*Asks:* 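Below are the structure tokens for one structure; questions will follow.
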Number of protein chains: 2
Amino acid sequence: MVILEELKKVASHPAADELYELVRRRLPRVSLGTVYRNLELLCESGMVRKLEYGGSQRRYDGDATHHYHLRCVSCGRVEDAPIKPVSEIEESLRKMSDYEIIGHHVEFVGICPECKRKAPRTATQTKRALRKEKKHGTERITN
Amino acid sequence: MVILEELKKVASHPAADELYELVRRRLPRVSLGTVYRNLELLCESGMVRKLEYGGSQRRYDGDATHHYHLRCVSCGRVEDAPIKPVSEIEESLRKMSDYEIIGHHVEFVGICPECKRKAPRTATQTKRALRKEKKHGTERITN
DNA sequence: GAACATATTGGTAATGATTACTATTTCTAA
DNA sequence: TTAGAAATAGTAATCATTACCAATATGTTC
């Protein structure tokens with residue numbers, strides 16, 4: 001319950017170790033394994049979504065309703081994209097494919113306002129950042 | 001060059017170790033490290049795309065043009081989705097967000113015809129599979 | 001409430017994909 | 001050919017995640 005509460009509190013889609021730190025403030029004796037284990041259970045029960053886009057760590061989302069994400073290639077933060085999902089796209093794919101379509105996920109990549117301000121980039125720098133960020137999201141929790 | 005050629009030959013979006021096996025048929029002395037290193041270089045030069053959707057392994061795509069993917073939750077295979085990308089979606093997000101939008105990726109999830117045939121699933125089974133498949137894509141190269 | 005069965009946890013070890021490292025090999029150009 | 005630079009093979013290190021297990025907590029029955 002604490003894990004779920006803390007996850008719902010933040011908008012940052014934290015990775016397991018980040019959430020572990022948050023939970024530890026309330027339950028100083030929890031173990032990282034417990035966090036992983038219960039995140040898995042919460043995912044299975046459909047209350048939490050596991051995000052597996054770029055980067056070396058998975059992120060967790062306390063909002064399990066269908067929505068898209070927006071990732072900053074510069075600092076690595078992931079936010080909810082402020083547009084509503086277009087489910088019609090699944091319909092159009094159904095017409096073209098023999099797959100039984102279950103769902104779809106969308107990730108936008110871009111540069112967040114803060115990073116734009118901090119370090120306006122040339123196109124080349126942006127491309128380089130876009131490559132780098134694959135390795136590991138740079139920024140951690142700020143919430 | 002051999003790495004790129006082999007990658008372009010297959011439609012299966014292989015993981016590094018799968019591609020390693022393919023390359024080894026032509027260059028029996030290559031090391032896995034060389035495959036990783038050159039895949040990285042090919043990605044940086046824009047000739048290869050790294051796919052970081054679900055599963056524990058990254059996949060590589062010899063087609064770097066913008067397109068969507070379709071993953072079977074049952075066997076883990078990843079194919080190109082036979083619909084063209086809708087770039088307008090980036091426009092609509094630009095109106096709603098202060099991010100500088102660079103691009104977007106879409107992954108559809110579903111059940112491939114073969115898996116549908118092999119093992120028609122109840123809704124519950126499908127959900128369970130959909131959870132499981134996050135852990136590790138089941139099927140490997142068949143090409 | 002005591003006695004027992006069951007479930008969950010903490011702590012640590014194992015796993016596995018990726019990256020880093022380094023001695024050796026291969027290329028390059030004068 | 002030969003010195004210097006670049007790439008490679010093979011192996012070690014890294015790090016997120018998972019597995020394991022003894023210990024603890026929780027629940028249940030009488």
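Naming: A, B, ... by sequence-line order, numbering from 1 per chain. Remember, it's a predicted structure, so these values are computed and weren't measured experimentally.
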*Asks:* Roughly how far apart are A:H13 NE2 and A:D61 CG, rounded to 0.5 Å?
*Replies:*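 A:H13 atom NE2 to A:D61 atom CG measures 3.5 Å (nearest 0.5 Å).
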*Asks:* Out of C:dG10, D:dA9, C:dT19, which nucleotide sits closest to the side chain of B:R58?
*Replies:*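 Nearest to the side-chain atoms of B:R58, counting from C-beta on, is C:dT19.
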*Asks:* For C:dT9, take OP1 and OP2 only and decide whether either is under 4.0 Å from a side-chain N or O of A:N38.
*Replies:*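 Answer yes for this pair, as a side-chain N or O of A:N38 is under 4.0 Å from OP1 or OP2.
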*Asks:* Can you tell me the distance, in whole Å, between the CD atom of B:E18 and the P atom of C:dA17?
*Replies:*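 Taking atom P of C:dA17 as the reference, CD of B:E18 is at 10 Å.
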*Asks:* Whole angstrom is fine here: how far is it from CD in B:E44 over to P in C:dT19?
*Replies:*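 It works out to 11 Å between those atoms.
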*Asks:* Look at A:R29 and C:dT9 and indicate whether a side-chain polar atom (N or O) is within less than 4.0 Å of OP1 or OP2.
*Replies:*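 Answer is no, no contact under 4.0 Å.
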*Asks:* Whole Å only: how far is the CD1 atom of A:I3 from the P atom of C:dT8?
*Replies:*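 So the CD1-P distance, A:I3 to C:dT8, works out to 13 Å.
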*Asks:* Using a strict threshold of under 4.0 Å (side-chain N to carboxylate O), is an ion pair present between B:K9 and B:E5?
*Replies:*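 Between B:K9 and B:E5 there is no salt bridge, as every charged N stays at least 4.0 Å from the carboxylate O atoms.
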*Asks:* Expressed as a whole number of angstroms, how long is the span from A:Y20:OH to D:dT17:P?
*Replies:*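 That distance rounds to 14 Å.
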*Asks:* Would you say C:dT9 has OP1 or OP2 under 4.0 Å from some side-chain N or O of A:R37?
*Replies:*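 Checking A:R37 against C:dT9: at least one side-chain N or O falls below 4.0 Å of OP1 or OP2.
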*Asks:* OP1, OP2 of D:dT8 versus side-chain N and O of B:S31: anything below 4.0 Å?
*Replies:*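 For D:dT8, OP1/OP2 do not have a side-chain N/O of B:S31 under 4.0 Å.
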*Asks:* According to a strict under-4.0 Å criterion, is A:Y36 in side-chain N/O contact with OP1 or OP2 of D:dT17?
*Replies:*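 Yes, such a contact exists.
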*Asks:* Which whole-number value in Å describes the distance from B:M1 CE to D:dT8 P?
*Replies:*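 Atom CE in B:M1 sits about 13 Å away from atom P in D:dT8.
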*Asks:* Could you state the CG-C1' distance from B:L32 to D:dA7, rounded to the nearest angstrom?
*Replies:*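 Atom-to-atom, B:L32 to D:dA7, this comes out as 16 Å.
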*Asks:* Donor-acceptor pair, distance only, cut-off 3.5 Å: does the side chain of A:Y68 make one with the backbone of A:V86?
*Replies:*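 Such a contact is found between A:Y68 side chain and A:V86 backbone.
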*Asks:* Does C:dA17 have its OP1 or OP2 closer than 4.0 Å to a side-chain nitrogen or oxygen of B:S56?
*Replies:*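 Answer no for this pair, as no side-chain N or O of B:S56 is under 4.0 Å from OP1 or OP2.
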*Asks:* For B:Q57 and D:dT17, give me the distance from atom CD to atom C1', rounded to whole Å.
*Replies:*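 Atom CD in B:Q57 sits about 14 Å away from atom C1' in D:dT17.
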*Asks:* Evaluate the ring pair (Phe, Tyr, Trp, His ring centres under 6.0 Å) criterion for residues B:H104 and B:H66: first the C-alpha distance (whole Å), next the side-chain angles of each, then the deciding distance (0.1 Å), finally the verdict.
*Replies:* CA-CA 9 Å; B:H104 74 286; B:H66 193 224; 5.1 Å; yes
*Asks:* Just one of B:V35, B:L22, B:L39 clears the side-chain contact (heavy atoms from CB on, under 4.5 Å) bar with B:L7, so which one?
*Replies:*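 The passing option is B:L39.
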*Asks:* Rounded to the Å, how far apart are A:L27 CG and C:dT8 C1'?
*Replies:*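 Rounding to the nearest Å, CG of A:L27 and C1' of C:dT8 are 13 Å apart.
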